[in-house]
Every structure is written in C-alpha cells, then in structure tokens.
Asker: 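Following this message is one structure expressed as structure tokens.
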Amino acid sequence: MTSARRRGVLRTIREDLAAARRGDPAARGDLENAVVYSGLHAIWTYRLTHRLWLARGLPGSRSAARVLAQVARSATGIEIHPGARIGRRFFIDHGMGVVIGETAVVGDDVVVFHGVTLGGRGGEHGPGARRHPRVGDRVVLGAGSSLIGAITIGADSVVGANTVVTKDVPPGSVVTGVAGTARPRSGHEGVPPL
C-alpha cells in the first residue's frame, strides 16, 4: 500500500470515528467505539468489499466481495451490498437489521438507525438498472424506516421512525407515516375480511 493510500485509509477511519462521536451522545472514545460499534465494523468491511467489487481486473473479486459482505452481515446484523455507493462520515447507530441494496447511493454525513431498509421493488433487471434509493447529504433515517425503489431523498431531510417512503422527497423535508394502502388482490374481490 502506498503512503498516500495509507493516509487516505487513516483519514477515512478518523472521519468514521468522528461521525460516531457526533452521531451518538453515548459514544465514549475512539478505542471503545472501534471495538464495540457494529455500525463501524459494517462500514469498514463495506469499504473493503466495495473496493473488491470495483476491482474488475482481479478474477473472483466480486465473489470474494459478496462472501466477505455475508460474513460481515453475520457478525454485525447489517447487510450492505458491495455494489452500493456510500459517502463519507456515514454512521449507523444501533445497526441491527439495516439493509442497503446494490444500486443504493448514500451521500455524505448520513445517519442511519436500526432496522432501516434501502430496498428495491423487484422487477428491474439488467446492468445499469437503478433499483434502490438515492439518499442526499446530511439525511437522517429513523429506526425502522423503509425507502423502497428508485427514489431520491433530498439533502438535509429527516425520515421518521417506521416511515415507508415510495416517492421522491424534496431537500429539507421531514417525512413521516406509512404510505401503504390496501386493496383487494386480483381474484380475491368479495372475500370477507378477517
């Protein structure tokens, strides 16, 4: 590893530790945070798997990235696809159950709480197909929130706990509630309710 790359890696680690201190008032210190924060372990492993994912000239690198990502998921309870693009100073607080899909794009200084999903709707296939959300800079995603599909969450927005977002959100917004509505499945009209 070149000295410039080593400095870049150290800068990223310091930024991630600082993001943990900013994002969690209970953070005690960098050494303790580095040892006990599953969110830090997940993002650091993601940064390695993402490099492997992009290393097209290295045979088996994508398979290795997927395997390492699954090991990290087993260890941390946080699933980040190696193909996702995540910005700087990303912080996952109480990360159990976080899922970030392959084509998700996450900006800088984003805070994510447990149970957040950046998922796809299904059905979109092929190279270049965008299936997952784009999250702008300085966004906070509350516990249990689900962002589904190729939507965009504007910068400086807050998505409340357990909110389901299926449409674009303008910058500087606060989003709450569940967008889902029930209707009869095809062929099930007239079935009495439970």
Side-chain angles (χ1 to χ4, degrees), residues 1-119 132-145 147 153 155-159:
M1 181 183 291
T2 67
S3 64
R5 181 171 280 178
R6 190 173 20 258
R7 282 192 306 273
V9 168
L10 290 174
R11 183 196 76 220
T12 299
I13 289 170
R14 283 193 299 272
E15 285 182 348
D16 289 338
L17 288 166
R21 284 192 310 271
R22 265 192 323 277
D24 185 359
R28 305 245 185 260
D30 288 346
L31 179 61
E32 180 181 331
N33 295 346
V35 172
V36 302
Y37 274 48
S38 61
L40 285 173
H41 303 157
I43 192 63
W44 290 338
T45 304
Y46 156 78
R47 294 196 195 289
L48 173 62
T49 64
H50 187 65
R51 282 187 177 273
L52 284 170
W53 188 259
L54 297 177
R56 295 198 187 272
L58 183 62
S61 63
R62 285 199 165 188
S63 294
R66 293 292 303 270
V67 169
L68 186 54
Q70 290 304 302
V71 170
R73 181 183 72 111
S74 296
T76 64
I78 298 167
E79 183 174 342
I80 305 174
H81 192 285
R85 294 190 341 227
I86 297 176
R88 296 169 60 185
R89 298 172 301 275
F90 179 70
F91 178 59
I92 303 171
D93 195 9
H94 303 289
M96 184 62 72
V98 169
V99 177
I100 300 175
E102 178 182 8
T103 63
V105 177
V106 179
D108 296 335
D109 302 302
V110 171
V111 176
V112 172
F113 289 89
H114 61 280
V116 168
T117 299
L118 304 182
H132 301 94
R134 290 181 189 269
V135 177
D137 296 339
R138 298 169 306 280
V139 170
V140 176
L141 302 177
S145 59
L147 288 61
I153 307 301
D156 301 303
S157 293
V158 175
V159 177

Asker: Which heavy atom in G101 sits nearest to a heavy atom in A84, and how many Å separate them?
Answerer: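 Heavy atoms of G101 and A84 come nearest at O-CB, 3.4 Å.
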
Asker: Rounded to the nearest 0.5 Å, what separates atom CG in L17 from atom CH2 in W44?
Answerer: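 L17 atom CG to W44 atom CH2 measures 4.5 Å (nearest 0.5 Å).
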
Asker: Working to the nearest 0.5 angstrom, can you tell me the gap between L48 CG and I43 CD1?
Answerer: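 Answer rounded to 0.5 Å: 11.5 Å.
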
Asker: To the nearest 0.5 Å, what is the distance between NE2 on H81 and CD on Q70?
Answerer: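 Between atom NE2 of H81 and atom CD of Q70 there are 9.0 Å.
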
Asker: Can you tell me if CZ on R51 sees more than 12 non-hydrogen neighbours from other groups inside 6.0 Å?
Answerer: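 Open: at most 12 neighbouring heavy atoms sit under 6.0 Å from CZ of R51.
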
Asker: Please enumerate all residues that pass side chain to side chain contact (heavy atoms under 4.5 Å, CB included) together with T45, with sequence neighbours excluded.
Answerer: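 T45 satisfies side chain to side chain contact (heavy atoms under 4.5 Å, CB included) with T49, L68, A72 only.
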
Asker: Looking at every heavy atom in both P133 and L118, which two are closest together, and how far apart are they?
Answerer: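 P133 and L118 have their closest heavy atoms at CD-C, 3.9 Å.
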
Asker: Would you say that more than 12 heavy atoms from the other residues, nucleotides or ligands in this model lie under 6.0 Å from the CZ of R11, or not?
Answerer: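 Yes.
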
Asker: Please round to the nearest 0.5 Å and tell me the distance separating atom NE2 of H132 and atom CD1 of I100.
Answerer: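 Taking NE2 in H132 and CD1 in I100, the distance rounds to 10.5 Å.
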
Asker: Using 0.5 Å steps for rounding, measure from the CG atom of L141 to the CG atom of L147.
Answerer: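 Taking CG in L141 and CG in L147, the distance rounds to 5.5 Å.
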
Asker: Give me the atom names and distance for the closest heavy-atom approach of S38 to G95.
Answerer: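 Nearest heavy atoms, S38 then G95: OG-N, 4.4 Å.
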
Asker: Under the criterion side chain to side chain contact (heavy atoms under 4.5 Å, CB included), I'd like the reasoning laid out for H50 against I86: C-alpha separation, chi angles, the key distance, then a yes or no.
Answerer: CA-CA 9 Å; H50 187 65; I86 297 176; over 6 Å; no

Asker: Keeping S61 on the side-chain end and A55 on the backbone end, is there a donor-acceptor pair under 3.5 Å?
Answerer: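 Here the side-chain-to-backbone pair exists.
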
Asker: To the nearest 0.5 Å, what is the distance between CD1 on I92 and OH on Y46?
Answerer: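 Spacing of CD1 (I92) from OH (Y46) equals 11.0 Å.
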
Asker: Between T117 and G119 (side chain of the first, backbone of the second, donor and acceptor by atom type, cut-off under 3.5 Å), is there such a pair?
Answerer: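 The answer is no, because no donor-acceptor pair under 3.5 Å joins these two groups.
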
Asker: Looking at every heavy atom in both L52 and A65, which two are closest together, and how far apart are they?
Answerer: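 Closest pair (atom of L52, atom of A65, distance): CB-CB, 3.8 Å.
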
Asker: Counting N and O atoms only, with roles assigned by atom type, does the side chain of R73 sit under 3.5 Å from a partner on the main chain of I78, one being a donor and the other an acceptor?
Answerer: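 Here the side-chain-to-backbone pair does not exist.
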
Asker: Report, one line per pair, each donor and acceptor closer than 3.5 Å where one atom sits in a side chain of residues 104-115; sequence neighbours left out.
Answerer:
unit_1, atom_1, unit_2, atom_2, d
D108, OD1, R88, N, 2.7
D109, OD1, R89, NE, 2.6
D109, OD2, R89, NH2, 3.1

Asker: Measure across G142 and V116 and return the closest heavy-atom pair with its distance rounded to 0.1 Å.
Answerer: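 Scanning both residues completely, I find the closest heavy atoms to be O-CG2, 3.3 Å.
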
